[in-house]
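A short write-up of the structure that comes next.
Every heavy atom of this structure was used, including side-chain atoms; hydrogens, water molecules and symmetry mates were not.
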Amino acid sequence: MLLAYRWVLATLPFLVFVVASSGDRSSNFQNCVSACYGDYCHPQTTLSLGLRLTRWTCPDDCKYQCMHMLTDIAIRESSKIHQYYGKWPFWRLFGMQEPASVAFSLWNMYYHIQGWRQLRSKIPSEHPMRSYYLTCAIVSVNAWLWSAVFHTRDLPNTEKLDYFSAALVILYSLYHTVLRLFNQYPTRSREDGRIQRTPVHVLWSSICTVAYLAHVTYLSILPRFDYSYNMAFNLTVGFTHNLLWLLYSLPVSLPLIRRFPFKSKTYRPSYVSKVAVFVALTTAATALELFDFPPWGRIIDAHALWHLSTAPITKFWYDFLIKDSLDDGWREPKR
């Protein structure tokens, strides 16, 4: 879906993981963590149930306490607030490292669940793109679920599940967009009712499957996660996806693609212009990632605002998909 592009720049802030941040490199922080570990981290030390459920350890808790102690000092002295291990200092809640991003991720997930229900009830079962749209909605729900898990606890496994799920959304969105815009979806034979797939459909499906498996395999076997490659992959796929939908929204004077199988290239319903607006809104929302700043009240940062801004756009996109799917251009003229 068009909203898949919003994952693209999400990898930018995490490039800082390649190197340590200024906060955790400081001697004050390292001395504080060492002292805390020596004083409190013993075999009999027991953390709260919430911290244990979210897999916090005593050393993790020491880092958290020292980070906020030094941040308190920085705010009191009006000095620079530092990042620690590539992240701003956030107040945790019930063990969640970034509770605002968790809440907004779940809000996005809710809209995709609602979108799936709308697609299922309003698009006719015989529509050739129905199953692809429903699958993309499920893939998006999965991605936002793992986004919430990752923002609850940033661990190597939760990070990979978040990134791999996001990549699947982006690539699957490009996959079904190509099928939709170039009319390469499977059709049912009039003679025997069998499903027919074009050679282009089979080839494109194979390319996307191999590309995703190769992407996940490459990032899984490396000793360290390749953030630069991951960002380049997502940018390439995401920009291609958006470009194709912009072609769909071009005016009648530039009929580069045939939008519907049973209409001419010059057929352009009025709602088509919404696609360009959605591209602009999604790009603007994603651009929030570029404006990194210390979190307000140690709760909401630019990344959380990005999650907040994308949720309402999701509803508009599902509304567009339904309008597009119900258009007369899908109906074969009577002979």
Quick check on the 6.0 Å ring-centre criterion: do [X] and [Y] meet it?
| X | Y | answer |
| --- | --- | --- |
| Y227 | F225 | yes |
| W144 | Y111 | no |
| Y132 | Y185 | no |
| Y229 | H215 | yes |
| H82 | F29 | no |
| W107 | Y110 | no |

Worksheet item: R130: what forms a salt bridge (Lys or Arg N to Asp or Glu O under 4.0 Å) with it, not counting sequence neighbours?
Response: none
Worksheet entry | Any residue meeting salt bridge (Lys or Arg N to Asp or Glu O under 4.0 Å) with R331, in chain and number order, not counting sequence neighbours | D328
Worksheet item: Quick one: does R92's side chain get under 4.5 Å of E98's, heavy atoms only?
Response: no
Practice prompt. For S48, enumerate each residue passing the side chain to side chain donor-acceptor pair (under 3.5 Å) test, keeping only those at least two apart in sequence or located in another chain.
Written response: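 So S48 forms no side chain to side chain donor-acceptor pair (under 3.5 Å) with any residue.
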Worksheet item: So, R268 and S273: side-chain donor and acceptor under 3.5 Å apart, yes or no?
Response: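 R268 vs S273: donor-acceptor pair found between side chains.
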Worksheet item: Does a donor on one side chain and an acceptor on the other come within less than 3.5 Å for T45 and Y40?
Response: no
Practice prompt. Would you verify whether the NZ or CZ of R298 falls within 45 degrees of the ring axis of W88 while also being under 6.0 Å from that six-membered ring's centre?
Written response: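 Checked: cation-pi criterion not met.
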Practice prompt. Have a look at Y248 and tell me which of D324, T177, L256 forms a side chain to side chain contact (heavy atoms under 4.5 Å, CB included) with it.
Written response: D324
Discussion item. Looking at C41 and C62, is the distance between their SG atoms under 2.5 Å?
Written reply: no
Item to complete: Using a strict 4.0 Å threshold on nitrogen-to-oxygen distance, state whether D319 and K315 make a salt bridge.
Response: yes
